[in-house]
Amino acid sequence: MAQYREGYELYCKKCEQFNLEPINIYYYINKLSQEQLTYFNEAAHERKLVV
């Protein structure tokens with residue numbers, strides 16, 4: 001689960017940006033597709049490199 005933490009944090013920030021209630025991390029990991037998880041993880045990693 002630790003491998004998805006950065007992606008989950010980015011997901012929560014995006015939800016906040018659009019005034020949406022994020023799902024908890026358990027559902028985040030179990031309900032998002034592998035493609036969605038990969039997107040959030042890669043985007044979070046890229047943001048860490050840029051910031």
Side-chain angles (χ1 to χ4, degrees):
M1 237 170 38
Q3 66 189 11
Y4 296 117
R5 177 68 58 190
E6 289 176 359
Y8 179 71
E9 290 171 4
L10 177 60
Y11 160 78
C12 288
K13 287 179 184 176
K14 286 295 178 183
C15 286
E16 185 178 303
Q17 180 182 352
F18 292 101
N19 203 26
L20 299 170
E21 186 71 28
I23 57 177
N24 69 37
I25 193 165
Y26 173 80
Y27 288 112
Y28 171 83
I29 293 170
N30 287 304
K31 299 298 181 185
L32 268 61
S33 69
Q34 187 60 49
E35 185 177 280
Q36 290 169 312
L37 290 171
T38 300
Y39 170 80
F40 279 115
N41 286 344
E42 288 175 355
H45 182 69
E46 288 175 13
R47 285 177 174 240
K48 282 184 84 172
L49 295 176
V50 173
V51 173

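Just so you know, these numbers use all the heavy atoms, side chains as well, and skip hydrogens, waters and symmetry mates. Residue numbers start at 1 and run along the sequence shown. Please read these numbers as outputs of a predicted model, since none were measured by experiment.
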Interatomic distance, Leu10 atom CG to Lys48 atom NZ [nearest 0.5 angstrom]: 12.0 Å
Co-membership, hydrophobic cluster, residues Tyr26 and Leu32, 4.5 Å side-chain: yes
Cluster link Leu20 to Phe40, ILVMFWY, side chain under 4.5 Å: no
Residue list, ring pair (Phe, Tyr, Trp, His ring centres under 6.0 Å) with Tyr28, at least two apart or on another chain: Tyr8, Tyr11
Over all atoms of both residues, closest heavy-atom pair of Ala44 and Gly7: CB-N, 4.0 Å
Gln36: side-chain hydrogen bond (donor to acceptor under 3.5 Å, both in side chains) partners, not counting sequence neighbours: Ser33
Non-hydrogen side-chain atoms of Arg5 and Glu9 separated by less than 4.5 Å: yes
Distance in Å, Tyr4 OH paired with Ile25 CD1, rounded so as to fall on 0.5 Å steps: 10.5 Å
Separation between SG of Cys12 and CD of Glu21, rounded to the nearest 0.5 Å: 9.0 Å
Glu35 atom CD, neighbour heavy-atom count above 12 within 6.0 Å: no
Spacing of CD belonging to Glu42 relative to CG belonging to Leu37, to within rounding of 0.5 Å: 11.0 Å
